[in-house]
Amino acid sequence: MGTAGDYESQRRVPVPPSKPFLKSLQTNLKETFFPDDPFRQFKHQPAPRKLLLGLQYFVPVLEWAPRYTFNFFKADLVAGITIASLAVPQGISYANLASIPPIIGLYSSFVPPLIYAMLGSSRDLAVGTVAVASLLISSMLGKVVSPTEHPMQYVQLVFTATFFAGLFQASLGILRLGFIVDFLSHATIVGFMGGAATIVCLQQLKGMLGLVHFTHETDLISVMRSVFGQIHQWRWESAVLGCCFLFFLLLTRYFSKRKAAFFWINAMAPLTSVILGSLLVYLTHAEKHGVQVIGHLKKGLNPLSAYDLAFDSPHLMAAIKTGIIIGIIGLAEGIAVGRTFAMFKNYHIDGNKEMIAFGMMNIAGSCTSCYLTAGPFSRTAVNFNAGSQSAISNIVMATAVMFTLLFLTPLFHYTPLVVLSSIIIAAMLGLLDYEAAIHLWKIDKFDFFICLGAYLGVVLGSVEIGLIIAITVSLLRIILFVARPRTIVLGNIPNSGIYRSMEQYPVANNVPGVLILQIDAPVYFANANYLRERISRWIYEEEDRLKSAGESSLHYVILDLSAVGSIDTSGISMLQELTKNVDRKGLQLALANPRSEVMKKLDKSKLIDKIGQGWIFLTVGEAVQAFRRVNFLMLRKELRDNHPPVLVEEEEGMRRHF
């Protein structure tokens with residue numbers, strides 16, 4: 001076996017110059033928290049300009065308002081009125097789902113949209129209450145305070161949870177920790193939202209069947225037991241009315257999907273259902289025959305609720321826990337929806353700005369008798385299809401809701417609860433994205449089972465259990481990716497100097513006497529032991545293969561480190577131990593294309609001296625050529641020592657062979 005001195009690479013891999021610790025820390029923090037470099041716009045600007053840019057950054061309306069035109073306003077006026085027609089029935093319905101007074105649902109479509117219009121960066125997002133968060137509030141807070149026995153205390157806890165949701169959301173945006181939300185993968189969200197939609201639909205059987213008493217549990221078995229345990233209390237009037245309105249809502253959705261120009265039919269359908277249902281109950285006095293109605297709704301704008309925030313409540317921890325969970329769900333849904341529609345119009349929304357906007361509107365909402373608001377998909381889709389040009393459509397919607405609060409709330413007295421249940425079911429069926437689940441099955445089976453686990457966790461357990469399963473499985477998958485990185489055997493593509501995965505490229509050939517392994521991830525304490533064991537296994541498997549095939553024995557092991565962006569002290573220790581193990585086997589270890597951070601650590605740990613500078617190469621191809629050169633020199637030396645009169649022609653033939 002040759003030594004490093006027998007062959008020197010013509011192109012050495014340099015050790016980058018060391019940076020001062022503080023400068024290196026500053027660079028790492030910038031890459032972590034400011035990948036978009038938001039400060040670049042302030043460079044080389046005078047102080048007044050910097051102040052204006054800073055205000056525009058935190059209050060985006062100041063940036064786009066000067067360019068706003070009357071044509072934009074006409075489009076936003078139509079879009080705002082259209083989504084207001086959806087906001088009123090949805091607000092009342094989702095408030096009922098959250099077990100709070102229906103009027104709070106209307107309040108929540110007045111103040112928060114105004115705040116978002118000032119601070120949000122999306123042109124299309126329509127702000128409003130969301131069904132999943134409403135269900136979470138009811139299921140989590142309803143366990144500690146009964147909404148029927150202690151309604152005032154329950155509402156105070158809802159406002160408090162909303163406050164902490166907003167505080168959490170704004171904190172993530174200000175501290176630029178939005179990447180935390182990214183831990184909820186697409187598969188996780190599809191499964192969780194689908195499970196939550198199923199549970200919401202099951203909960204609406206109470207209203208559809210006209211039941212007075214119903215379980216507070218959300219799992220499938222408890223709901224079915226509650227439904228079929230009260231068959232004698234089913235009201236056929238409510239069931240018939242509910243099925244008729246549900247059929248009407250689904251029919252309008254079908255026509256709107258068939259032709260995009262009919263989107264307004266689907267948008268107006270919930271309000272039409274409320275009006276028709278109210279007229280039907282009023283004219284037939286159906287409320288006297290078992291059809292439950294909303295009842296009195298107080299006129300007037302949002303009363304202040306800052307003093308109702310229950311910071312001294314014995315159930316404060318439950319409110320904080322609920323706030324954080326609904327805050328995460330609100331952010332995940334709202335930002336995903338905003339980015340989806342921004343992509344259609346080819347513009348970018350800032351995730352951290354959105355978090356601040358969501359947080360501030362929920363903090364302000366909690367102080368003005370509102371509960372959690374986000375960016376529901378259904379309302380945003382209507383806003384987009386109605387031709388929205390800016391966040392002014394949210395202001396128009398809020399104005400329409402304000403008019404409703406001031407003058408029209410008495411008209412909702414006779415609105416039947418069964419209509420609200422129909423509206424919720426119709427909206428939730430749209431969240432059962434079975435096509436996405438089928439797509440996951442086709443693309444990635446593991447993602448499909450993550451989706452299925454989240455769905456079953458919600459449906460068979462509870463919303464909290466489903467969320468815990470979803471987050472846990474997502475984190476476990478991340479841990480598995482880090483702790484069990486792939487190691488790939490590389491081979492030579494015929495008639496080239498290219499080395500690629502032999503599994504991906506069956507035409508690739510083994511290099512005689514050489515094992516080439518590529519490590520496909522950074523090397524950390526979490527995967528160092530695994531990589532040591534896996535590389536050792538590759539070595540003895542290759543030795544066994546060569547022995548059984550009768551081929552030349554293994555002499556060299558090349559580690560391709562081009563995908564290893566960083567390494568820690570555990571990784572260095574692993575390489576040191578691997579070097580010793582390879583030496584004991586009489587093999588030579590070489591490194592190919594180590595990255596900048598890896599070379600720094602190798603140099604500081606003196607591992608370069610142990611491996612030998614001559615065994616660190618720029619590419620795998622150079623390493624293979626070096627081994628061939630060493631083999632040639634060793635064989636020539638052996639021939640000269642043992643057979644002095646070797647002919648020059650024979651030596652030239654060997655040179656051509658190697």
Does a side-chain heavy-atom distance below 4.5 Å link [X] with [Y]?
{"X": "Ile324", "Y": "Ile320", "value": "yes"}
{"X": "Val132", "Y": "Val200", "value": "no"}
{"X": "Val61", "Y": "Gln56", "value": "no"}
{"X": "Val111", "Y": "Leu114", "value": "no"}
{"X": "Asn302", "Y": "Cys370", "value": "yes"}
{"X": "Ser134", "Y": "Tyr371", "value": "yes"}
{"X": "Phe164", "Y": "Thr322", "value": "no"}
{"X": "Glu354", "Y": "Leu125", "value": "yes"}

Among all residues two or more places apart in sequence or in another chain, which pass the side chain to side chain contact (heavy atoms under 4.5 Å, CB included) test with [X]?
{"X": "Met402", "answer": "Phe110, Leu301, Thr399, Leu406"}
{"X": "Ser171", "answer": "Leu167"}
{"X": "Phe446", "answer": "Asp444, Ile450, Arg477"}

Please verify the inter-ring angle class for Phe311 with Phe163; under 30° counts as parallel, over 60° as perpendicular, anything in between as tilted. perpendicular

Phe525 atom CZ, over 12 foreign heavy atoms within 6.0 Å: no

Crowded around Lys442 NZ? As in, over 12 foreign heavy atoms under 6.0 Å?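 Atom NZ in Lys442 is not packed in, count stays at 12 or less.
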
Partners meeting ring-ring contact (aromatic ring centres under 6.0 Å, His included) with Tyr107 (sequence neighbours left out):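 For Tyr107, no residue satisfies ring-ring contact (aromatic ring centres under 6.0 Å, His included) once neighbours in sequence are set aside.
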
Residues in ring-ring contact (aromatic ring centres under 6.0 Å, His included) contact with Phe377, at least two apart in sequence or another chain: Phe341

Any pair counted as salt bridge (Lys or Arg N to Asp or Glu O under 4.0 Å), so long as it reaches [range], sequence neighbours left out:
{"range": "residues 96-125", "answer": "Asp124-Lys345"}
{"range": "residues 125-140", "answer": "none"}
{"range": "residues 92-109", "answer": "none"}

Do any side-chain atoms of residues 78-104 form donor-acceptor pairs under 3.5 angstrom with protein atoms, and if so which ones, sequence neighbours left out?
{"from": "Thr82", "atom 1": "OG1", "to": "Val78", "atom 2": "O", "distance (Å)": "2.6"}
{"from": "Ser85", "atom 1": "OG", "to": "Thr82", "atom 2": "O", "distance (Å)": "2.4"}
{"from": "Gln90", "atom 1": "OE1", "to": "Arg379", "atom 2": "NH2", "distance (Å)": "3.4"}
{"from": "Gln90", "atom 1": "NE2", "to": "Ser378", "atom 2": "OG", "distance (Å)": "3.3"}
{"from": "Ser93", "atom 1": "OG", "to": "Pro89", "atom 2": "O", "distance (Å)": "2.7"}
{"from": "Ser99", "atom 1": "OG", "to": "Ser138", "atom 2": "OG", "distance (Å)": "3.1"}

Is the gap between the ring centers of Phe344 and Phe384 under 6.0 Å? yes

Taking atom [atom1] of [X] and atom [atom2] of [Y], what is their separation to the nearest 0.5 Å?
{"X": "Leu309", "Y": "Asp312", "atom1": "CG", "atom2": "CG", "result": "10.5 Å"}
{"X": "Phe481", "Y": "Arg486", "atom1": "CZ", "atom2": "CZ", "result": "10.5 Å"}
{"X": "Leu331", "Y": "Ile326", "atom1": "CG", "atom2": "CD1", "result": "11.0 Å"}
{"X": "Ile423", "Y": "Ile425", "atom1": "CD1", "atom2": "CD1", "result": "11.0 Å"}

Checking the side chain of [X] only, and the main-chain atoms of [Y] only, is there a donor and an acceptor separated by less than 3.5 Å?
{"X": "Thr415", "Y": "Phe412", "answer": "yes"}
{"X": "Ser305", "Y": "Thr368", "answer": "yes"}
{"X": "Lys321", "Y": "Met317", "answer": "no"}
{"X": "Asn394", "Y": "Ala117", "answer": "no"}
{"X": "Ser422", "Y": "Gly242", "answer": "yes"}
{"X": "Ser222", "Y": "Asp219", "answer": "no"}
{"X": "Ser109", "Y": "Gly128", "answer": "no"}
{"X": "Ser108", "Y": "Thr129", "answer": "no"}
{"X": "Ser122", "Y": "Gly338", "answer": "no"}
{"X": "Ser146", "Y": "Gly142", "answer": "no"}

Result block: side-chain N/O donor-acceptor pairs under 3.5 angstrom for residues 187-194, not counting sequence neighbours:
{"from": "Thr188", "atom 1": "OG1", "to": "Ser185", "atom 2": "OG", "distance (Å)": "2.8"}
{"from": "Thr188", "atom 1": "OG1", "to": "Ser474", "atom 2": "OG", "distance (Å)": "2.6"}

If you measure only the distance, is there a donor-acceptor pair under 3.5 Å linking the side chains of [X] and [Y]?
{"X": "Asp76", "Y": "Ser390", "result": "yes"}
{"X": "Tyr455", "Y": "Thr198", "result": "yes"}
{"X": "Ser393", "Y": "Asn383", "result": "yes"}
{"X": "Tyr154", "Y": "Thr148", "result": "no"}

Do we get Lys353 above Phe58's six-membered ring, with its NZ or CZ under 6.0 Å from the centre and within 45° of the axis?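 That pair does not qualify as a cation-pi contact.
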
Please walk me through it: do Ile349 and Arg339 pass side-chain contact (heavy atoms from CB on, under 4.5 Å)? CA-CA 7 Å; Ile349 67 170; Arg339 285 175 175 166; 3.7 Å; yes

Shortest non-hydrogen contact between [X] and [Y], atoms and distance:
{"X": "Met152", "Y": "Asp308", "answer": "CE-OD1, 4.2 Å"}
{"X": "Leu429", "Y": "Cys201", "answer": "CD2-SG, 4.3 Å"}
{"X": "Val418", "Y": "Met208", "answer": "CG2-CA, 3.8 Å"}
{"X": "Ser566", "Y": "Tyr524", "answer": "OG-OH, 2.7 Å"}
{"X": "Ala454", "Y": "Ile469", "answer": "N-CG2, 4.3 Å"}
{"X": "Leu246", "Y": "Ala426", "answer": "CD1-N, 4.0 Å"}

Hey, could you give me each pair passing side chain to side chain donor-acceptor pair (under 3.5 Å) that has a residue in residues 157-170? Not counting sequence neighbours.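 Side chain to side chain donor-acceptor pair (under 3.5 Å) check on residues 157-170 returns Gln169-Asn362.
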
Could you please spell out the steps behind the side-chain contact (heavy atoms from CB on, under 4.5 Å) verdict for Phe358 and Leu119? CA-CA 9 Å; Phe358 277 40; Leu119 303 178; over 6 Å; no

Mind checking side chain to side chain donor-acceptor pair (under 3.5 Å) for Thr472 and listing every partner two or more places apart, or none if nothing turns up?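 Applying side chain to side chain donor-acceptor pair (under 3.5 Å) to Thr472 gives none.
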
Before giving the answer on side-chain contact (heavy atoms from CB on, under 4.5 Å), spell out for Phe72 and Ile392 the whole-Å C-alpha distance, their side-chain angles and the decisive distance to 0.1 Å. CA-CA 9 Å; Phe72 286 171; Ile392 293 295; over 6 Å; no

